[in-house]
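Only one structure is covered here, and it is reproduced in the block below.
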Amino acid sequence: MVPRPLIAPGHSLTRGIILKEGSLLTKYERYQPHKIEPFWRQKWEESALYRAVIDHSKPKHYALTMLPYPSGDLHIGHWYAMAPSDARARFMRMQGYNVLFPMGFDAFGLPAENAALQRKIHPHNWTMSNIERMREQLKTMGAMFDWEREIISCLPDYYKWSQWLFLQFYKKGLAYKKLSPVDYCPKCNTTLAREQVWGEDRHCERCETPVIKKELEQWFLKITEYAEELLDFSQIDWPEKVITMQQNWIGKSEGAEVTFKLEEGQELKVFTTRPDTLWGVTFMVLAPEHPLVESLTTPEQRAEVQAYQYQASRQSEIERLAVDKEKTGVFTGSYAINPVNGERIPVWIADYVMMSYGTGAVMAVPAHDERDFAFAQKYNLPIKVVISPAGKDLGELTAAYTEIDDGIMVNSGPFTNTPAREGQQKVIAWLEERGQGKKAVNYRLRDWLISRQRYWGAPIPIIYCDQCGVVPVPEEELPVLLPEDAEFLPTGESPLKHHEKFLHTTCPQCGGAAQRETDTMDTFICSSWYQYAYLSPYYQGSTPFDPEEGAYWLPVDQYTGGIEHACMHLIYTRFFTKVMRDLGLVNFDEPMLSLRNQGIILGEDSEKMSKSRGNVIAPDDLVGAYGTDAVRVYLMFGWRWELGGPWDSHGIEGCYRFLNRVWELLLTPVEAKPQPAAEKIKTLERKVHQTIKKATAELQNFSFNTYIASLMELSNLLAKLKPDLWGSKEWIESSKIFTLLLAPACPHLSEELWTRLGEEYSVHNQRWPQWDENLVTEESVEIVVQINGKIKDRLVIPVEAEEELIQEKALALPGIQAVLAGKTPRKMIYVKGRLLNIVL
RNA sequence: GCCGAAGUGGCGGAAUUGGCAGACGCAGUAGACUCAAAAUCUACCGCCCUCAAAAGCGUGCCGGUUCGAGUCCGGCCUUCGGCACCA
């Protein structure tokens, strides 16, 4: 027999047919992942096995996993995210889908620039050499990535489209420049979007340095315009947790905008969620920065007000937001008129009111709002009860009464005795009639600040002309190239600011001298549309991607990645897709139909992996020690995927042992028995079909750990039956099915086994096995017999046995007779194929 | 404070959604093989009593529904995550 050319070098071919004839291998061959894995990867590449091309004869499946930042080395977190996602994509492929599973690099970002400063390497070179390295590391993962679709977001042919999209946003009025107090990271020397400021101490998401506030002119994208639509999750199957986080982030609150007249004549608008408490307003509070403060302050109060404003402006965000901070404020000397009852109410300023939310002014109802209550107590302002629970007199309040559902409006003019909940709507209608207010909705969501004072990003394609003002770069002039010869100095300022050739340009409108915008775009812009770039990398047409590719592959069917992006990337990309839809670039509302999040792998000490702790697990080392397939199996088997947990170096050894056993099991022959027992064949077939069913369901459901467990169970049974069934046609068939079921998890080993079992390349082009429901069900089952819910005996019985027969047999069981002791059962409950409970 | 998720052996985790708790694996114990070790194989492996068996107990705590609760309901406790002077 001539060995197939496909077999890994140094290996002899062992074919199922030979084994069936009873010839024994003389040479003991071990599982050697280091020989077979590189061999098959090369073969896959040569035969373009994973090339994804449009094929209208098949249903498509766009599987996507979050692209990595090229930090230099692939770490175990990347493997944990990607390898199981790959197994899922492979499973879909074997189910008959035409699967697209691309990979690329989110290549702009600050670390490259820091490396430039520290080690005098140009960010471009640093990034590209990291990509070279990481691409090779990624390839050792044995994933079915289609590398011909790779994208690198820092290449001009890519960021040209990031810039183009910015211009479309600008033309639609969705990109604007505004002077406002913004979050600034003093370590990264750049402004940040609010999404990138985390935690109670408001630190930078990247470097964990607490941010400071700066008043700067910055570019924003109007994501708030889409706030309401972003709250609609009806078209996507996303984890509840992500949805909740996005809902919290967007923070919708419904209520009314009420117009108060100031005695001086101006209007003061406030937002309230409690229009039912309008009759209880006893003072107004403005944010210290509120534009009306200046004109409202009376000469007597001026000194005090200005001192307070100064102090508030100097306070850091953290100080101002400190949870238990005592309320402070200052009276402006002016009064407003409550539109509902004409009462004269004092206007104060206080730093517990934020200029950035609502109108920057609130109507204070101390009786029914905790903050207003605390403030009123401190400054001896009146507290007027206008909501009380079911007719009860609240008396002297010791705390604000904030209940709504059992509250009744009191002392509220025409609305007295109206239930509070009902009153909210009625008061709004009443205000609208009288022209004093209207229904209003407020969102916590802020517009997306995209300016970064950094070099290594896509330049914002804007030109400033003394004559024409803000002028967008014409589309045909894109990309606005990053100059290569930038000088990196540790000044904290962007090198673009001092790059004369970049900075000075001519105005596209008047041709006069003009200057370029020197800020670059947030890298989250690049990753907001990358799923479209994979369709036709660096597309040269008139849109960011080839519409024909888009029509076939879009939208993304299955997205996987970390939950840390819930309120950043995952909101941004939804926003981008909705805008792209409104631009006519796509015809759907949501970029990713289904999303699953993996957890985080911790060090063996249960701490977050970090170089300083010395608890980092390097995938390259693991591949060296156990081979890719064992690492993949352990990453799937070790934890619930969505949770993750601490690494266990013994755990991976267990998985490596499993693969060794599989190798032995399927490839090392034993003496064939001439007449295999029929009942053993039956046992094998049943388990095989049960395993197909189970593995299918578990993979469908991202339950990788139980998918692997089901394969282990099957291999355990195969090992037990091997001495009896080796060489039989059922054995060979089962071996092949096992190999197919193993293929998503172990692409290399399964390919090698498949060849050695005498089958044609490639195992990855085979159809996923089908189970036969008739073979899945057991013929006889063990029924648990309980008395009063406690197990007393067991009964083995054919599965289709009648209930009466089971009852009869159960009552005759010795274990039951003993407990029964002549008593008559009150009733018996039978659960088909499971148990019989005898109730005394 | 508000919202959400999770608590199961020494460990990671299973449990067909109300029906045998602890699948599968790790760690451990004993044995086989070996001059010995490693590797491999076999058996055991929730707690408590016991020579053993049987009984009893057991899914964070307390209570409830049910023939039957890890699973459902009510009330707590703990841990983690998100939001937070957001009007």
Side-chain angles (χ1 to χ4, degrees), chain A residues 30 198-200 239-253 255 270-274 277 285 287 320-327 350-354 356-365 368-372 374-375 402 442-445 563-564 566-567 606 633-634 637-640 642-655 657-658 660-661 664 690 693-694 697 703 705-716 719 782-791 794 815 818 825-840:
Chain A
R30 292 178 55 98
W198 285 23
E200 236 169 272
E240 211 44 57
K241 187 168 180 174
V242 175
I243 291 176
T244 307
M245 283 170 75
Q246 293 203 352
Q247 280 168 340
N248 280 345
W249 188 258
I250 296 166
K252 178 179 184 175
S253 40
V270 299
F271 174 73
T272 178
T273 54
R274 296 292 304 272
T277 63
V285 190
R320 187 158 164 183
L321 291 178
V323 181
D324 316 320
K325 208 189 106 184
E326 206 183 328
K327 303 249 171 316
D351 64 5
Y352 80 89
V353 175
M354 305 293 138
S356 54
Y357 185 79
T359 62
V362 301
M363 56 178 230
V365 186
H368 308 295
D369 180 282
E370 282 166 27
R371 295 150 302 176
D372 299 343
F375 195 82
T402 57
N442 249 287
Y443 301 93
R444 216 186 64 91
L445 185 71
I563 194 152
E564 66 274 13
C567 295
S606 297
V633 168
Y634 180 52
F637 180 67
W639 311 264
R640 272 161 65 177
E642 68 277 19
L643 292 184
W647 185 261
D648 177 7
S649 49
H650 294 293
I652 190 168
E653 280 168 26
C655 293
R657 282 201 286 269
F658 166 60
N660 274 286
R661 281 198 302 273
E664 290 291 316
Q690 285 172 341
K693 185 177 182 178
K694 176 139 205 245
S703 302
N705 56 345
T706 46
Y707 152 65
I708 299 293
S710 73
L711 295 181
M712 288 174 169
E713 274 188 59
L714 178 55
S715 94
N716 288 346
E782 190 184 64
I783 303 275
V784 169
V785 184
Q786 301 178 324
I787 290 185
N788 289 341
K790 303 226 165 177
I791 298 158
R794 285 148 203 278
R826 212 149 46 85
K827 69 177 179 184
M828 288 189 265
I829 290 144
Y830 175 59
V831 181
K832 194 168 186 310
R834 294 194 172 270
L835 65 85
L836 179 75
N837 190 9
I838 301 168
V839 185
L840 291 184

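Below, chain A is the first sequence line, B the second, and so on; all start at residue 1.
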key: Sugar-phosphate, base or nothing in reach of A/I791, heavy atoms under 4.0 Å   = sugar-phosphate

query = Using the ring of each side chain (for Trp, its six-membered ring), is A/F375 parallel, tilted or perpendicular to A/Y352, with breaks at 30° and 60°?
reply = tilted

query = Given atom CG of A/N248 and atom P of B/G81, what is their separation to the nearest angstrom?
reply = 15 Å

ask   = Say you pick atom C1' in B/G64 and the same atom in B/C45; how far apart are they, in whole Å?
value = 36 Å

key: Donor-acceptor under 3.5 Å (A/N837 side chain, A/G789 main chain)   = yes

inquiry  = If I pick the P atom on B/A27 and the same atom on B/U40, what distance separates them, to the nearest angstrom?
reply    = 10 Å

request  = Pick base, sugar-phosphate or nothing for A/K790, based on heavy-atom distances below 4.0 Å to the nucleic acid.
outcome  = sugar-phosphate

ask   = How about A/E370: does its CD atom have over 12 heavy atoms from other parts shown lying under 6.0 Å from it?
value = no

request  = Would you please confirm or rule out a distance under 4.0 Å between OP1 or OP2 of B/C86 and any side-chain N or O of A/T273?
outcome  = no

Heavy-atom donor-acceptor pair, A/Q246 side chain to A/A566 backbone, under 3.5 Å = yes

query = Hey, does A/D372 reach any base, or is it just sugar-phosphate, or nothing, if we go heavy atoms under 4.0 Å?
reply = nothing

query = Would you say A/R371 reaches B/G1's phosphate, i.e. side-chain N/O to OP1/OP2 under 4.0 Å?
reply = no

inquiry  = Over all strands shown, is A/G644 touching base, sugar-phosphate only, or nothing at heavy-atom distances under 4.0 angstrom?
reply    = sugar-phosphate

inquiry  = Need one value for A/V362: base, sugar-phosphate or nothing, where a base atom within 4.0 Å counts as base even if backbone is also close, heavy atoms only.
reply    = base

query = If the P atom of B/U50 is compared with that of B/U42, how far apart are they to the nearest Å?
reply = 33 Å

query = OP1 or OP2 of B/A14 sitting under 4.0 Å from any side-chain N/O of A/N705?
reply = yes

query = With a non-hydrogen cut-off below 4.0 angstrom, is A/Q786 in contact with a base, only sugar-phosphate, or nothing?
reply = base

ask   = Is A/G251 touching bases, backbone alone, or none of the nucleic acid, heavy atoms closer than 4.0 Å?
value = nothing

query = Would you say a side-chain N or O of A/R657 is under 4.0 Å from OP1 or OP2 of B/A39?
reply = no

ask   = Starting at the 5' end of RNA chain B and moving along, which residue's nearest nucleotide shows up first, A/D369 or A/G789?
value = A/G789

message = Parallel, tilted or perpendicular, judged at 30° and 60°: which one describes the rings of A/W647 and A/Y634?
response = perpendicular

inquiry  = Rounded to whole Å, how long is the line connecting atom CD of A/E642 with atom P of B/G12?
reply    = 15 Å

inquiry  = Using 0.5 Å steps for rounding, measure from the NE2 atom of A/H368 to the OG1 atom of A/T277.
reply    = 7.0 Å

ask   = Within the structure, does a side-chain N or O atom of A/K827 lie under 4.0 Å from either OP1 or OP2 of B/G68?
value = no

note = Residue pair A/G360/A/G651 against RNA chain B: nearer the 5' end by closest nucleotide is A/G651

Side-chain N,O (A/N837) to OP1/OP2 (B/U66) below 4.0 Å = no

task = Using Watson-Crick or G-U wobble pairs with both distances under 3.5 Å, give me RNA chain B in dot-bracket, 5' to 3', with [ ] for crossers and | for pairs to another strand.
result = (((((((..(((......[....))).(((((.......))))).((........))..(((((..]....))))))))))))....

task = Please confirm whether the backbone N or O of A/W249 pairs with a side-chain atom of A/R444, one donor and one acceptor, at under 3.5 Å?
result = yes

Minimum-distance nucleotide (side-chain atoms of A/V839 versus B/G19, B/C86, B/C67) = B/C67

query = How many angstroms lie between atom CZ of A/F637 and atom CG of A/N705, to the nearest 0.5 angstrom?
reply = 7.5 Å

